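Below, chain A is the first sequence line, B the second, and so on; all start at residue 1. Bear in mind the structure is a predicted one, so any value in this text is a computation, not a measurement.
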Amino acid sequence: MNEGEATVAGNFIRQIIDGDNATGKHRGRVVTRFPPEPNGYLHIGHAKSICLNFGIAVDYKGTCNLRFDDTNPHKENVEYIESIKQDIHWLGYDWGDRLYYASNYFDRLYEIAVELIKAGKAYVCDLTADETREFRGTLTEAGKPSPYRERPVDENLELLQRMRAGEFEDGARVLRAKIDMASPNMNMRDPTLYRIRQGVIHHQTGESWCMYPMYDFTHPVSDALEGITHSICTLEFADHRPLYDWILENTSVPCHPQQIEFSRLNLEYTVMSKRKLTTLVDDGHVEGWDDPRMPTIAGLRRRGFTPESIRDFCTRIGISKSENTVQMGMLESCIREDLNANSQRRMAVLHPLKVVLTDYPKGQEQQLEVANHPQDESLGTRTVPFTGELYIDRQDFLETASKKFKRLVTGGEVRLRNAYVIRCDEVIKDAAGEIVELHCSYDPATLGANPEGRKVKGVIHWVSAKYGIEAEIRLYDRLFSQPAPDTSRDEKDFREYLNPDSLRTLTQSIVEPSLADAHPGERFQFEREGYFCVDLHQPEGSPMIFNRTVTLRDSWAKIEAQQKA
RNA sequence: UGGGACGUCGCCAAGCGGUAAGGCCCGGGGUUUUGAUCCCCGUAUGCGCAGGUUCGAAUCCUGCCGUCCCAGCCA
């Protein structure tokens, strides 16, 4: 962790670990794991878990394993595996040589299943899925025992062997733990341990298996085999903990990790479930998993977020067990803080309006040396060409305006950032009355100096018309128009809350020439506009594409809104 | 009286019986060739509610209220 990053004193999980270390529970060892199922791309909620698990490993001089929880091959593939590995590395964490798959343990898991059967603690059940549901009972009524519950050990053993041999179709039989059909905890009513999945090719084990272990069976065993000390997961698994413990207590595993639950991250104006994100991708509502509007790590990366800013976000939001919905402002604050300190400044005109300096000597050009950062000299300088024809932003000119408006108005003066003070003498309009050009004069004495005898309050940015280069600029806004699109209080599908203006593309923008050398992913502040980065998917031969990561804080926008109200 | 968990500022979140940290947001002021940054200042007499224990309670006890999760052969 860098010195600049905020540190949070502690959270309840670290307190548990401190307590364990104090009593010598794990002989001072701390081993965590991050266990994604490779059925989608990682999102900011996963980042919270990654920072927690890998962060704890770093701080306690322990280790954190990466383990793919690949027990449901139907939904999984290697593209997801690769993206997950890439995203964790990009975030700044490393699992060293501890890359595991739950499927690594399929043989061992099978042995343990046999063990459970021999101990009379598991049985093969022939009930259909529907029947199983009926027998399970309800939240308020106890379940009934399956008619196959008392199947003799030998028969169970033989049936399990035949399941493995592929003799039965999907759904024909399952292996179940024999626990308690009357338990108030649904998870303890003889949970399924194995189900049959014929004909799927598993991305790791190929066709060697036609039955796959369930999460509730696989997870505790995998944790124990890897010597995990603290198995951290989200709150919805709290009800599974008794089962997690039951598996560990009733099998011959080497240790008994402790499961600890914390609350998952919710972020306003987005969705965080893999199912919903998959829907957005599959239905074409976004360009893909790395669409800059997506809350995925890949999306945030393409949007221009830094790994540091995401880690900072994760430490700022903290870890607790309370339901929470974090405001976008929190994330934005993190990336602004990072980029403000570290990104070079450039000038870019998003909505160009031509300015002709009528008294600037014909043919004259100047190379202005300009600081790359107003507070940090170590970021150096660059040269920016100044010519008699320029572009400024249309939003920086008004024919008439209130005194609050400190930009260019007819007859008024304004400072061109890093250059001269100019005065607007004449507004040129086309037949339709649209402003097409401004004729201005400049004060040659104001380069690097304040004007004599008067104050000029406004400063606006500009680009030389002759040397500026065309660029495409993509302005992103929140993906959804509702703060909580997935907990809709009415019947609406979350997709109905998609923000139709989440992407605005500007194709006429002009950026300063030094940007021609920028490489994909490089980040800048476009002064007075926001932070932008060169898109990662830069098409050959077309104008450069810049993605807006986040705007600058804009107190003028607030004043404007107040004036209108 | 199904079970599990959670309720501290608009949003996160410390606090663990000694008199409410911090961050984000917000409001006010200052500096500024970015209406940015930066710097000051301000913002919970109160911790879901009601009782109780105590010299002292957000912290302990009791009872209510509210919210979230659980009936996949998903994870």
Side-chain angles (χ1 to χ4, degrees), chain A residues 6 8-11 15 35-37 39 69 71-72 74-75 125 127-129 132-134 136-143 170-176 183-189 191-197 211-212 214-216 218-219 233-242 261 263 265 268 274-275 315-334 336-337 340-341 345 347 373-375 404-407 415-419 421 446 448-450 456-461 487 525-530 551-560:
Chain A
V8 169
N11 55 55
Q15 288 178 359
E37 183 188 13
N39 66 346
D69 221 330
T71 57
N72 189 10
H74 184 70
K75 291 160 64 179
C125 180
L127 255 25
T128 66
T132 305
R133 190 181 318 117
E134 283 167 31
R136 186 156 33 230
T138 69
L139 293 176
T140 51
E141 298 163 52
D170 287 14
R173 293 180 220 268
V174 295
L175 181 72
R176 290 228 250 169
S183 171
N185 183 340
M186 285 290 178
N187 296 300
M188 301 300 272
R189 323 248 261 227
T192 301
L193 267 21
Y194 268 103
R195 78 293 213 182
I196 297 169
R197 286 289 176 270
M211 62 178 203
Y212 292 92
M214 298 285 288
Y215 164 87
D216 280 317
T218 310
H219 212 83
C233 62
T234 45
L235 244 30
E236 67 271 23
F237 291 102
D239 285 344
H240 296 243
R241 192 180 347 120
E261 309 88 16
S263 61
L265 169 68
E268 280 190 347
K274 269 193 202 166
R275 201 202 97 233
T315 107
R316 285 200 209 183
I317 60 174
I319 298 292
S320 75
K321 298 184 75 156
S322 6
E323 279 305 315
N324 62 84
T325 304
V326 175
Q327 296 174 333
M328 271 295 175
M330 189 80 90
L331 224 204
E332 291 174 351
S333 167
C334 293
R336 283 196 187 110
E337 185 176 302
N340 173 57
R345 274 62 314 193
M347 292 196 286
H373 193 287
Q375 279 88 225
K404 292 243 186 185
F405 186 80
K406 34 187 239 195
R407 307 179 190 179
R415 155 81 62 186
L416 291 179
R417 174 78 166 148
N418 298 128
V421 169
T446 55
N450 283 128
V456 173
K457 49 186 180 337
V459 180
I460 64 173
H461 57 95
T487 57
Q525 183 196 96
F526 289 173
E527 287 191 288
R528 303 210 308 128
E529 291 290 355
T551 62
L552 258 26
R553 281 178 66 213
D554 188 357
S555 53
W556 167 243
K558 284 174 201 160
I559 296 168
E560 242 184 341

Fill in the blank from the handout: With sequence neighbours left out, the residues meeting ring pair (Phe, Tyr, Trp, His ring centres under 6.0 Å) with A/H219 are A/Y215
Scan nucleotides 73-75 of chain B against the protein and return all N/O pairs shorter than 3.5 Å with their distances rounded to 0.1 Å.
unit_1, atom_1, unit_2, atom_2, d
B/rC73, OP1, A/R136, NH2, 3.4
B/rC73, OP2, A/R136, NH1, 3.4
B/rC73, O2', A/R197, NH2, 3.4
B/rC73, N3, A/G171, O, 3.4
B/rC73, N4, A/L127, O, 2.6
B/rC73, N4, A/A129, N, 3.1
B/rC73, N4, A/G171, O, 3.1
B/rC74, OP1, A/R197, NH2, 2.9
B/rC74, OP2, A/R195, NE, 2.8
B/rC74, OP2, A/R195, NH2, 2.9
B/rC74, OP2, A/R197, NH2, 3.1
B/rC74, O3', A/R195, NH2, 3.0
B/rC74, O2', A/N72, ND2, 2.6
B/rA75, OP1, A/T71, OG1, 2.6
B/rA75, OP1, A/R195, NH1, 3.3
B/rA75, OP1, A/R195, NH2, 2.9
B/rA75, OP2, A/Y215, N, 3.0
B/rA75, O3', A/D69, OD2, 3.4
B/rA75, N6, A/H240, NE2, 3.3

Problem - Nucleotide B/rU32, atom P - distance to CZ of A/R417 in whole Å - result: 14 Å
Practice task
Please list, chain by chain and in numerical order, all residues satisfying side-chain contact (heavy atoms from CB on, under 4.5 Å) with A/R133, sequence neighbours excluded.
Solution key: A/D130, A/R136
Detail all sub-3.5 Å separations between protein N/O atoms and N/O atoms belonging to nucleotides 3-6 of chain B.
unit_1, atom_1, unit_2, atom_2, d
B/rG3, N2, A/D239, OD1, 3.4
B/rG3, N2, A/D239, OD2, 2.7

Please list, pair by pair, any protein nitrogen or oxygen found under 3.5 Å from a nitrogen or oxygen in nucleotides 35-42 of chain B.
unit_1, atom_1, unit_2, atom_2, d
B/rG35, OP1, A/R528, NH1, 2.8
B/rG35, O3', A/S555, OG, 3.1
B/rG35, O2', A/S555, OG, 3.3
B/rG35, O2', A/W556, N, 3.3
B/rG35, N7, A/R407, NE, 3.1
B/rG35, N7, A/R407, NH2, 2.9
B/rG35, O6, A/K406, N, 3.1
B/rG35, O6, A/R407, NE, 3.4
B/rG35, N1, A/K404, O, 2.8
B/rG35, N2, A/K404, O, 3.2
B/rA36, OP1, A/S555, OG, 2.9
B/rA36, N1, A/Q375, OE1, 3.3
B/rU37, OP1, A/R553, NH1, 2.8
B/rU37, OP2, A/R553, NH1, 3.4
B/rU37, O2', A/N340, ND2, 2.9
B/rU37, O2, A/Q375, OE1, 3.4

Using a cut-off of 4.0 Å on non-hydrogen atoms, how would the nucleic acid contact of [X] be classed: base, sugar-phosphate, or nothing?
X	answer
A/E261	nothing
A/G448	base
A/I317	sugar-phosphate

Problem - Short side-chain N/O contact from A/Q327 to OP1 or OP2 of B/rC26, under 4.0 Å - result: no
Exercise for the section: Establish, with yes or no, whether the OP1 or OP2 oxygen of B/rA13 is under 4.0 angstrom from a side-chain nitrogen or oxygen of A/S320. Expected result: yes
Exercise for the section: Please list, chain by chain and in numerical order, all residues satisfying side-chain hydrogen bond (donor to acceptor under 3.5 Å, both in side chains) with A/D216, sequence neighbours excluded. Expected result: A/H240
Exercise for the section: Indicate yes or no for a side-chain donor-acceptor contact from A/T71 to the backbone of A/M214 under 3.5 Å, with no hydrogens or angles considered. Expected result: no
